[in-house]
Structure formats: structure tokens, C-alpha cells
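Before any comments, here is the structure.
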Number of protein chains: 2
Amino acid sequence: MATSSTRPTSAAPPRPDRRSRRRQETIDEIIEIAQDVMAERGVNGLSLSEVARRLGVQPPALYKYFDSLAALYDELFLRGHTEHLDQVREAMRTAPPGLAAVRAGLDASARWAMGSRGVAQLAFWRPVPGFEPSPAAFVPSQEMVKVFRAGFSDAVAGGELGPGADSDEACWLLSAMLIGAISQAMANEPDLPFGEGRFTPLLATLFDTFPTIYPPPKPRRSARRPPAD
Amino acid sequence: MATSSTRPTSAAPPRPDRRSRRRQETIDEIIEIAQDVMAERGVNGLSLSEVARRLGVQPPALYKYFDSLAALYDELFLRGHTEHLDQVREAMRTAPPGLAAVRAGLDASARWAMGSRGVAQLAFWRPVPGFEPSPAAFVPSQEMVKVFRAGFSDAVAGGELGPGADSDEACWLLSAMLIGAISQAMANEPDLPFGEGRFTPLLATLFDTFPTIYPPPKPRRSARRPPAD
DNA sequence: GTCTATATTATGATAGAC
DNA sequence: GTCTATCATAATATAGAC
């Protein structure tokens, strides 16, 4: 036995963190390639073979990182929602609380979706015949509802919206607006970025109807110069 | 030359209408099966092999009716939009002109989509990687815009909406509302029919914001008892 | 962890007999 | 118009050598 170490059996893995770091890098690279493939060929155009081809590796090698194609989809779904959530959170954090924050979150949502089209389609539409995301992959998606709920709650507290807006229903409305606008944009203007074309600008118009759907109880106060109090 | 007829060449097809009628029936049957398959397995779950299997025939036989899988998709796309257009037209025709007609059309749209999910996904989202509908298949889709434009025009003329509603933009808004609501419904409540669940009812809420988006110039008159004139 | 080889299955499509 | 036979391709996934 070697004198240098406490490990009694098996070949000594030198610097296991280095190994696992390389492994993580490979996983990240696979994910990136998969995102590219989906953006180019649609969600259903993804295959392990194509990923292997672009990674410069034979398909069986991928099974060391993902158990199956479904597992890869699941990771893509999870990471997509997580990234989406992060960007929405950040946008809302840096905006004034209330309606403005919700609007900023919605805007960030749409930007993320238009910038990550393949993943967005996977996340919002579930277009892959056999694929059902694992419960764990849904966690960030559920968290998103809470984030927007909090924003609406602030808007109600600030008198920008009526009490009905502090509800799940308001969040569903918001998501329907988002998905309607980006669906149309992706189907009809697949090459235009967010903000251009006929459809993504509609999102602002739709959002501005919230005070009509949930009218605040008191007369709206102007944004500038609140009444001296 | 034969004396009986003006056909100089080729064998005479006896009763060509009967033959072509059977042919048309087969085509219709293929279409129906394809719709079923898409509803069950998603748009990308459609294959000629599966259609042949259900039709009780070998795959090569289908090529007598459709040149390729893409041609079948194209026919499905065309028929879907045509059926959709017919139902919208009929709903608008039997409703009072103006906003009520637009609302009836939107309602019919959503009902059709939720009742023909596979085709609706093909028609609204284009989720098949290589497939681009032929120009001819787009005709009913363009016609739809005209139909809704006419409805909005009536609503403007009747003082229900402001002049801005007589625009393509209003039609895009309408379609974004529709697609947002049904996208969410199909992805999250795939088994519920139109009108049930959390999402399809949102369509009415969204639609009711139109007078806010395009406010009529004069004070709104009540629906009942128009001012004596 | 990667490779080769292979099993298995499925697909779209064509040729040619009947 | 349908069949059998076949081509060509591609996919997921596993076994086992290195």
C-alpha cells in the first residue's frame, strides 16, 4: 500500500473537484448545444445524435451525462424556467414596486422568451409528444406565480389596482397576454427580436388594460406629485 | 376513329364520377385519421405509417393520395383554417353586427381550436420543423383578418369602439388574446373543454377591454333603448 | 469517459408485380 | 390502387473493449 494517503482501495482519483468540474463543463456544453438545435429546428428537432455530432463525440458518450433524451429535455425545461425566473426577479427588483414592477417582469419574460425561443417553446407549450416534465422541474414555474402575485399585491396596496388583482387569476391573465403575444411573434415573425414587428408591441397595450380589469377603489392618483399628505 | 365519342385516345373510364367519389372519400378518411393522430400524439406525432396502420393499408398506398408527408400537413393546415373560418363566419352572421359579432367570432374561434387541438396547433403555431404551408393554404387565414376587420368596422360605425379599432392592429390584438388563452388551456389543462378551467374563461375578460383600448369618441350609449332619433 | 459494434425500431419514399 | 420488396436514413439505447 502506498504511504501517502488514507485511501485504502481503488486507484486514487487526483483532485476529484477538478474532474467533476470538467464534467459539469461538459454538461453545460451539451445543454448549450441542445438549446441551439432547438432554436434552429424547433423543439422536436432535437436529438441526441445531433448533439453528439456537434459536440464532436459519438452518441453513446452522452449517456454518461444524461440517462435518456427525456432527461435532457427535463434539464432543459428546468434550466429554462430557472433562468426565466431569475431574469424576471431581477427586472422586478430594480423597478419601483407595484404595477411598474409587474410590467418590468412581464417585459423581462417576453425578452427572455424571444431570446431563447427553443427553450421557451418547450417551457410554455409542451410540444414533445411523450415528454412530461418531472415534478422538480416545475418548482421554478410555481415560484414565478408567487413573484407576480407579490407584484400585484403591491399594486393593490399602492392603490394602482383593485383588490381583485391580488389573485391567481390576475397572474393567469398576465401569462395569457405574454404567451399570446410571443406565440404570434414566433409563428409569424420568427426572425424579429423583441420589440420589433407587429406582435411583441401588443404586450404593452394588453398590459395597460389591467387598471380597467381591476379598477382601483379610489380615484387614481397621478404618478407624479402625489397629494400632499 | 371511334364514332361514339369525342375522346380520341386512351381507354374510356366508365363512370368517372363514381371512381373519383370513392377517391375523395378515401382522402377524407385519411384526413380524419391524421387529425385523430395529431390530437392524441401532438402535431409531431403524425406519421404516414401510423395513418396507414389505422386505415388498414400499407404505407405506399397513401402516396396515391398525398405526394408526401408535407403534402398531408399542408392539406390539414388548409382544411383546418377553412373549417375555422366557416365557423367564425357563421357565428358572426347570426350575431348582431358590431362588437357582439366580433365577440361571437372570437368565441367560435376558441371553441373550434379547443375542439380540434391537433389541427389548431398546426394552424397557429407551426411546430413542425421542416414544414412551411404553401401560399394557397394561407388564403383562408388571410380571409379571416378581413372578416374580423369588417366586424370591428361595424363596431366603430355603431359607436361601440373608437376609429382606431378599424385596423389590422385590432385584429392582431384579438388573435393574441385568443392564442394566449388557448395556449395556456392546452398546455395546462389539456383535457378540459372550452369554457371550463382557469384559462378559456379569461378570453371574455380580455375581450371586454377593447372599449378601453379603443374608446368610442362619444359617451357610450346603453345597449337597450338607444336615444330616440 | 470514450470508443466501436450492434440491437432494435421507425421513418419517408420508390420500383415494379398484380 | 394496392400490394411486396426494398432503399436509405435516422433514431434511442446497450454491451463491452480500451
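The sequence lines fix the lettering, A, B, ..., with proteins before strands; numbering per chain opens at 1. Heavy atoms only: backbone and side chains are in, while hydrogens, waters and symmetry mates are out.
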Open item on the list: Below 30° counts as parallel, above 60° as perpendicular, anything between as tilted: where do the rings of His84(B) and His81(B) land?
Closed with: tilted
TODO: Give me the ring orientation class for Phe124(B) and Trp112(B): parallel if the planes are under 30° apart, tilted from 30 to 60°, perpendicular past 60°.
DONE: perpendicular
Taking [atom1] from [X] and [atom2] from [N], how many angstroms apart are they, rounded to a whole number?
{"X": "Glu50(A)", "N": "dA10(D)", "atom1": "CD", "atom2": "C1'", "result": "11 Å"}
{"X": "Gln58(A)", "N": "dT4(C)", "atom1": "CD", "atom2": "P", "result": "5 Å"}
{"X": "Lys64(B)", "N": "dA13(C)", "atom1": "NZ", "atom2": "P", "result": "15 Å"}
{"X": "Glu25(A)", "N": "dG1(C)", "atom1": "CD", "atom2": "C1'", "result": "15 Å"}
{"X": "Ile30(A)", "N": "dT2(C)", "atom1": "CD1", "atom2": "C1'", "result": "12 Å"}
{"X": "Leu69(A)", "N": "dT9(C)", "atom1": "CG", "atom2": "P", "result": "19 Å"}
{"X": "Leu62(A)", "N": "dT4(C)", "atom1": "CG", "atom2": "P", "result": "14 Å"}
{"X": "Arg19(B)", "N": "dT2(D)", "atom1": "CZ", "atom2": "C1'", "result": "14 Å"}

Which nucleotide in [options] has an atom nearest any side-chain atom of [X]:
{"X": "Leu48(B)", "options": "dA11(D), dA5(D), dG12(C)", "answer": "dG12(C)"}
{"X": "Ser47(A)", "options": "dA5(D), dT12(D), dT2(C)", "answer": "dT12(D)"}
{"X": "Tyr65(A)", "options": "dA13(D), dG1(C), dT11(C)", "answer": "dG1(C)"}
{"X": "Val57(A)", "options": "dA13(C), dT2(D), dT2(C)", "answer": "dT2(C)"}
{"X": "Ser49(A)", "options": "dA13(C), dA11(D), dG12(C)", "answer": "dA11(D)"}

- [ ] Please round to the nearest 0.5 Å and tell me the distance separating atom OH of Tyr63(A) and atom CG of Leu72(A).
- [x]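 One finds 10.0 Å between OH of Tyr63(A) and CG of Leu72(A).
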Open item on the list: Closer than 3.5 angstrom, by distance alone: can the side chain of Thr26(A) be matched with the main-chain N or O of Arg22(A) as a donor-acceptor pair?
Closed with: yes
Open item on the list: Using a 4.0 Å heavy-atom cut-off, does Pro60(A) contact any base of the nucleic acid, only the sugar-phosphate backbone, or nothing at all?
Closed with: base
- [ ] With heavy atoms under 4.0 Å as the rule, sort Ser68(A) into base, sugar-phosphate or nothing.
- [x]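 Sugar-phosphate only.
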Open item on the list: Less than 4.0 angstrom between a side-chain N/O of Arg53(B) and OP1 or OP2 of dT11(C), yes or no?
Closed with: yes
- [ ] Among Asp107(A), Leu178(A), Asp208(A), find the one that has a side-chain contact (heavy atoms from CB on, under 4.5 Å) with Leu203(A).
- [x] Leu178(A)
